[in-house]
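Here's the structure we're looking at; comments come further down.
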Amino acid sequence: MQLKPSILDEYSKERSVTSIAQPHNFMHPDDYLILEDDSGRVKLAGNVLSPSMYATGVVAALHGKEGSDGGFYVQSVLEAGLPPQRPLHSEENKYVVLVSGLLVGSMKSNPLQFQLLVDYVTGHSGDEQEQSMASQIVRVIIAGDSVDMQQSLLAGQSLGLKDQGRLAEPIKELDLALTQLAAAMPVDIMPGPNDPANFSLPQQPLHKCLFSGASAYNTFVCATNPHQFDIDGVCFLGTSGQNIDDLAKYSDAKEILDYMERTLKWRHLAPTAPDTLGCYPFTDRDPFVIEDCPHVYFCGNQKKYASRVIQGYEGQVVRLVCIPSFRETGSAVVVNIRNLECHLLTLSTSSLV
């Protein structure tokens with residue numbers, strides 16, 4: 001890729017001559033694909049494959065023939081497709097709430113709006129019908145970017161007592177809300193790109209010492225990113241958004257859901273890792289390989305809500321969900337595990353002012 005950032009460009013004498021790439025996408029019309037294995041690499045040609053549809057790290061089988069120029073002319077492509085999936089057995093209406101991008105402590109966050117979400121989920125607000133639905137919520141998933149740490153205080157210098165209190169204030173505020181949630185139902189919190197966690201994927205759980213109130217409940221779980229769990233035989237799999245955001249920089253699609261669908265069909269959560277996405281250097285296994293097809297596949301910290309159902313050749317059915325940033329939209333997503341239907345839950349404080 002011509003526009004792909006390179007550390008060598010930082011020291012290039014001709015750096016001022018090269019064009020500045022757009023920060024959101026590094027695709028170029030002259031990009032091409034290369035097939036590589038242990039024996040070597042060959043340039044791919046033909047109209048079957050489009051460079052904008054793939055990224056470095058995708059495993060696929062190609063059928064074609066060698067051209068006179070030494071390239072390989074692709075005639076058909078065989079991808080892994082959706083992995084095997086267990087059948088659904090849930091017969092009751094049970095709901096899972098998916099939320100991300102709380103960013104507690106930021107200048108744009110609205111504490112009242114977050115408290116409205118907590119009250120709604122725990123059944124302390126809404127009419128009789130809404131409270132009846134809230135009584136059927138069996139789990140809350142917080143998919144990353146829960147707190148907004150003041151980066152100006154993290155300059156590598158020792159902090160005074162006053163600055164330490166300012167730095168810990170967002171976490172204390174989040175802990176108070178999580179304690180209310182954990183007292184009513186199971187809560188899973190995943191780390192995100194802006195949370196106090198390790199940078200490389202898979203991100204390790206946020207330490208429970210950060211949440212002294214919520215960690216007193218056994219319903220409170222500090223989970224990894226990516227996160228996979230089962231509820232009544234319904235498999236959930238999701239990330240805080242880094243894998244999809246990075247894939248969107250080096251390929252092209254009409255919607256974020258298209259990127260999510262591709263990762264499922266490639267059977268790999270993060271195909272661009274470790275090329276452009278930081279990850280731990282595993283030597284004996286790849287933790288991002290999708291061996292079992294989830295029923296719900298979610299991606300956190302997106303600009304807007306989107307959802308779609310895709311089906312596989314062997315009868316697999318997957319609900320794709322883009323979770324919008326709660327700070328920006330005031331919205332969470334509610335999924336019914338009985339039929340995989342979902343809807344957007346939007347909370348507003350404008351009428352309370």
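Just the heavy atoms: all of them, side chains too, but no hydrogens, waters or symmetry mates, feed the values below.
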Common cluster, I171/V140, ILVMFWY with side-chain heavy-atom separation under 4.5 Å: yes

D119-Q115 side chain donor-acceptor pair, cut-off 3.5 Å: yes

Cluster link F229 to V333, ILVMFWY, side chain under 4.5 Å: yes

Student check: side-chain heavy atoms of F288 and C279 closer than 4.5 Å: yes

Pair D286, H268: side-chain N/O donor-acceptor within cut-off below 3.5 Å: yes

Pair D246-T272, side-chain donor/acceptor within less than 3.5 Å: yes

Backbone N/O of P83 and side chain of Q316: donor-acceptor pair under 3.5 Å: yes

Single-linkage hydrophobic cluster V289~W266, side-chain heavy atoms < 4.5 angstrom: no

Minimum-distance pair of heavy atoms, taken over all atoms of V48 and S76: CG1-CA, 4.3 Å

Flag for E92-Q136: side-chain donor and acceptor within less than 3.5 Å: no

Same apolar cluster: V42 and Y73, side chain cutoff 4.5 Å: no

H124, NE2: over 12 other non-hydrogen atoms inside 6.0 angstrom: no

F72 six-ring centre to K43 NZ/CZ under 6.0 Å and within 45° of normal: no

pair P324-Q302: side-chain heavy atoms closer than 4.5 Å: no

Distance in Å, L98 CG paired with L345 CG, rounded so as to fall on 0.5 Å steps: 11.0 Å

Donor-acceptor pair between T346 and S331 side chains, under 3.5 angstrom: yes

No-hydrogen, no-angle side-chain donor-acceptor test under 3.5 Å, S39 and D37: yes

Option passing side-chain contact (heavy atoms from CB on, under 4.5 Å) with I189 (candidates L178, L102, L210): L178

Minimal non-hydrogen separation, T224 against P226, with atom names: OG1-O, 2.7 Å

Identified salt bridge (Lys or Arg N to Asp or Glu O under 4.0 Å) counterpart of R86 within the set D292, D230, D232: D230

Donor-acceptor pair between Y95 and E341 side chains, under 3.5 angstrom: no

Same apolar cluster: F298 and V99, side chain cutoff 4.5 Å: no

Salt-bridge present (R308, E261; N to O < 4.0 Å): yes

